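For the numbers below, each heavy atom of this structure counts, side chains included, while hydrogens, waters and symmetry mates do not. Here the structure is a predicted model, which means the values were calculated and not measured.
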Amino acid sequence: MDNTMILREWFDRVDSERTGSITAAQLQNALAVGNLNFSISVVQQMIRMYDFDRNGTMSFDEFVALNKFLLKVQQAFADLERGRNYLLPDDVHEALVKIGFSLDSPAFYTVCESARNLFNSFDTAKQGRVTLDLNQFVYCTANCRI
């Protein structure tokens, strides 16, 4: 069975009302089944990126285009991870350029430095990982827009 047939079966299951399109909430729930947990605002942005007819939902053809993009992103980052289980800023920059984003290097590295500084402010034991309570998480998301 080729990828288009698999995607069609998946799409048809998600399109439970048989409208020929899926909403952001339906897409979010379906992605969560595959352990891809995105906020509704991120899923809405995904739909906006590929909503070629601008109707606010995702048709099958739009879904196929989104799937191709997500696979391209996954492959770009996997290629650069090199079995290390982490990415360096240069890897992230290269992957983003590889998938088609035109990035100004100084701006990208400034954002990376800001994110690292924010992370380090919570990693007081210098373990390379942090556990945040809800208030800390909200603070980080408000102060580190990447």
Do you reckon Val42 sits in the same ILVMFWY cluster as Phe77, going by side-chain contacts under 4.5 Å, direct or chained? yes
Counting distance only, does the side-chain N/O of Glu81 pair as donor-acceptor with the main-chain N or O of Arg84 below 3.5 Å? yes
Output for pair (Leu88 CG, Cys112 SG), nearest 0.5 Å, gives 10.5 Å
Answer whether the closest heavy-atom distance between the side chains of Phe69 and Met46 falls below 4.5 Å. no
When you compare the side chain of Thr131 with that of Phe122, does any pair of heavy atoms fall below 4.5 Å? no
Less than 4.5 Å apart, any side-chain heavy atom of Asn3 and any of Asn67? yes
Point-to-point distance, once rounded to the nearest 0.5 Å, from CG of Leu87 to CD of Glu94: 10.5 Å
Quick one, Tyr109 and Asp90 - any side-chain contact, counting heavy atoms below 4.5 Å? yes
Any donor-acceptor N or O pair under 3.5 Å, side chains Asn55, Thr57: yes
Would one find more than 12 heavy atoms of other residues, nucleotides or ligands at under 6.0 Å from atom CD of Glu113? yes
Which heavy atom of Asp53 sits nearest to which heavy atom of Asp51, and what is that distance? OD1-OD1, 2.7 Å
Is Met58 reachable from Leu70 through a run of hydrophobic residues whose side-chain heavy atoms are each under 4.5 Å from the next? yes
Asp15/Arg8 ion pair, N-O < 4.0 Å: no
If we only count heavy atoms from C-beta on, is the Ser114 to Val111 side-chain gap below 4.5 Å? no
When hydrophobic residues are tied together by side-chain contacts of less than 4.5 Å, even through go-betweens, does Val97 share a cluster with Val92? no
Is there a chain of hydrophobic side chains (I, L, V, M, F, W, Y, each step under 4.5 Å between heavy atoms) that links Leu71 to Met49? no
For Gln127 and Asp123, does a side-chain donor sit closer than 3.5 Å to a side-chain acceptor? no
Looking only at heavy atoms, what is the nearest atom pair of Trp10 and Leu27, with distance? CH2-CD1, 3.9 Å
Show the nearest heavy-atom pair for residues Gln26 and Ser16, with the distance to one decimal. NE2-OG, 3.9 Å
Approximate separation, where rounding is to 0.5 Å, of Leu66 CG and Ser59 OG: 11.0 Å
Closest heavy-atom pair and its distance - Ile40, Gln28: N-NE2, 3.2 Å
Non-hydrogen side-chain atoms of Phe11 and Val64 separated by less than 4.5 Å: no
Examine Ile47 and Val33 and state if one hydrophobic cluster contains both, with Ile, Leu, Val, Met, Phe, Trp and Tyr joined whenever side-chain heavy atoms are less than 4.5 Å apart. no
Pair Asp12 + Arg18, salt bridge at N-O below 4.0 Å: no
When every non-hydrogen atom of Pro89 is compared with those of Phe108, the smallest separation belongs to O-CE2, 3.4 Å
State, to 0.1 Å, how close Phe38 and Leu31 come at their nearest heavy-atom pair, and which atoms those are. CD1-CD1, 3.9 Å
Results of side-chain contact (heavy atoms from CB on, under 4.5 Å) for Phe52 - residues two or more places apart only: Tyr50, Glu62, Ala65
